Amino acid sequence: MEISFERRPGVVVARIAGELDCYTAPTLREVLDRELDASGAASLVLNLRDASFIDSSGLGAILGRYRRLAPGGGRVAVCEAQPSVRRVLELAGIPRIIPLYPSEEQALEAQKAVGT
Amino acid sequence: MEISFERRPGVVVARIAGELDCYTAPTLREVLDRELDASGAASLVLNLRDASFIDSSGLGAILGRYRRLAPGGGRVAVCEAQPSVRRVLELAGIPRIIPLYPSEEQALEAQKAVGT
Amino acid sequence: MTAGQANNWIILELPGLATNVGVARVAVAAFAAQLEFTLNDLEDIKLAVSEAVSNAVLHAYPPGEPGTVRIRAALVDGELELTVEDRGRGIDDVDRARQTGFSTLPDRMGMGFVFMEAFMDLVEVASRPGEGTTVRMRKRVGSEPRAEVPDQVQWDFAGAGPGPAHPRPDDSD
Amino acid sequence: MTAGQANNWIILELPGLATNVGVARVAVAAFAAQLEFTLNDLEDIKLAVSEAVSNAVLHAYPPGEPGTVRIRAALVDGELELTVEDRGRGIDDVDRARQTGFSTLPDRMGMGFVFMEAFMDLVEVASRPGEGTTVRMRKRVGSEPRAEVPDQVQWDFAGAGPGPAHPRPDDSD
Ligand SMILES: Nc1ncnc2c1ncn2[C@@H]1O[C@H](COP(=O)(O)OP(=O)(O)O)[C@@H](O)[C@H]1O
Ligand SMILES: Nc1ncnc2c1ncn2[C@@H]1O[C@H](COP(=O)(O)OP(=O)(O)O)[C@@H](O)[C@H]1O
């Protein structure tokens, strides 16, 4: 798994490549938290365009960031997920709390709409 | 493995996708021979653009077609092989008897040059 | 050769290390690709393998002392039969373990068994405390994943803390 | 987890069917990808697995009665150690079998062992007639395949008939 970040006003964009499972989830968790700490951003956009697999361990890492940010009014969004990954997110009912967007732009627009 | 054919004057072009190993080689052999019989072509161009793997069983199927066509003056050429496949062909010294071309056009040009 | 495939199988053994979960997924998917499974089916199978093998990695053995995990995949009557087995500590109460959101680890979601059930046609869990756990699953060609996983889960996710350590009375599976 | 990988291994067992050769390739490559192998290295490893498992499929067992093939891959001292084992008919004369162009099947090239040697750093063959064959191979991270396979082969290829059923005196390996 590989992650790269881009800092936007109030939002961290994390682009995640590879497989999100119990091997990579601990790293994902740690690296996301470190970047959220360092940036001070309230919200997180996860670009999953190059994520090829996700299971409940990967979902756990994403939902954990939601739990962390939600109490402070921050938001988590996912964008550009591949069909196979989107399918798992949807079957797990994730979109009801973490919205999925087709593009990074749309995800960032939606963050602005709430203000940060 | 999947094969599609195009008949050109005196030449059969076979586009081969997938893995060429001991599972697929018998089919490859059979399907190529059937098409060579049906077309009456003297020469064969193998487009390996979508072939992702080849081992000695796959090479055997290709060299078998060479052995079949060579006595009648026919030629066999390979084109568009991926780096990993080309590497195996080259390590086995195949290019000395079956030339490799970067494009199908060049392979067909070379067939014309000898006449058919 | 095609006839032989009807009785085809693979057994994969590996130490219960997180890094091996992906190896198991890939091997089983490559094997299952022999049946007429769709790409979605193969993704479902990968997910189920991932959940079952992850459980053996995370729950069966003491941290730092990974025991062996044994995965068997077989083509039986046009179906994929999958068995994931460990010789670890076992599960005290299988019914409780299978409930949505139940986990004995604080940072886990308790969704592994729920996912296996959602994506496979049959999930059987046999376990004996101190002896190990065997999860048996089946997937038919062309079967669809069951709707959504239960609603309760979202509620738990949305909470600030980790999921409940014990199932609620209305957590049915 | 990284420390654990030093002693990591997988064992894959499957019936000697041609359709399983690809499963073995994929599983071993996924396992080997844990070391710092280059993509070329992983292709070399796939090729070696393919040749060794194909041999067990094609030569070890009577046609239509595939026995079990056992593949073990292990990370040992930063190297990949690979063992492919069958309980088939064995090889009468291993030295002869390893020679370039030698095959007991009319439509084969007799290049399997030559390829294993070309793409791996070490190839050992242990075989007992009637008991089976074990091929042990090693691949170091960063090792290059050896130049080209011997020249004699091209000569055989170019001939009209199948390769020689017996090695020529100058067929050294
Ligand atoms: N192979 C196993 N060995 C021991 N306990 C297990 C095993 N698999 C599951 N369990 C128990 O069942 C619980 C629920 O499993 P699961 O639904 O996969 O959720 P999670 O893995 O998120 O905890 C685990 O928390 C664990 O206590
Ligand atoms: N696992 C095996 N069991 C029995 N015989 C084998 C085995 N592997 C190789 N052989 C013998 O060694 C010969 C040479 O093998 P190889 O170099 O791979 O070439 P090929 O597979 O093209 O025949 C085979 O033709 C066969 O007689």
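Quick caveat: nothing in here was measured; it's all calculated off a predicted structure. Here is how names work: the chains are called A, B, and so on, in the same order as the sequence lines, proteins then strands, and each is numbered from 1.
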- [ ] Anything in residues 38-51 of chain D with a heavy-atom distance to chain B below 4.5 Å? Please list those residues in order.
- [x] D:Asn40, D:Glu43, D:Asp44, D:Lys46, D:Leu47, D:Ser50, D:Glu51

Open item on the list: For the residue pair B:Arg15 and B:Phe5, would you count it as a cation-pi contact if the rule is NZ or CZ under 6.0 angstrom from the ring centre and within 45 degrees of the ring axis?
Closed with: no

TODO: For D:Arg128, look at atom CZ and say whether over 12 heavy atoms of other residues, nucleotides or ligands are found less than 6.0 Å away.
DONE: no

TODO: Taking side-chain contact (heavy atoms from CB on, under 4.5 Å) as the test, write out the residues that go with B:Ala25, two or more places apart.
DONE: B:Arg29, B:Ser57, B:Ala61

- [ ] Let me know if B:Leu59 has heavy atoms under 4.5 Å from chain D in its side chain, its backbone, both or neither.
- [x] both

Task: Nearest-0.5 Å distance, CG of residue B:Leu44 to CD of residue B:Gln111 - done: 8.5 Å

Open item on the list: Surrounding CZ of D:Arg87 (heavy atoms of other residues, nucleotides or ligands, distance under 6.0 Å), is the total greater than 12?
Closed with: no

Open item on the list: Does any part of the side chain of D:Arg25, heavy atoms only, come nearer than 4.5 Å to the side chain of B:Glu19, both counted from C-beta?
Closed with: yes

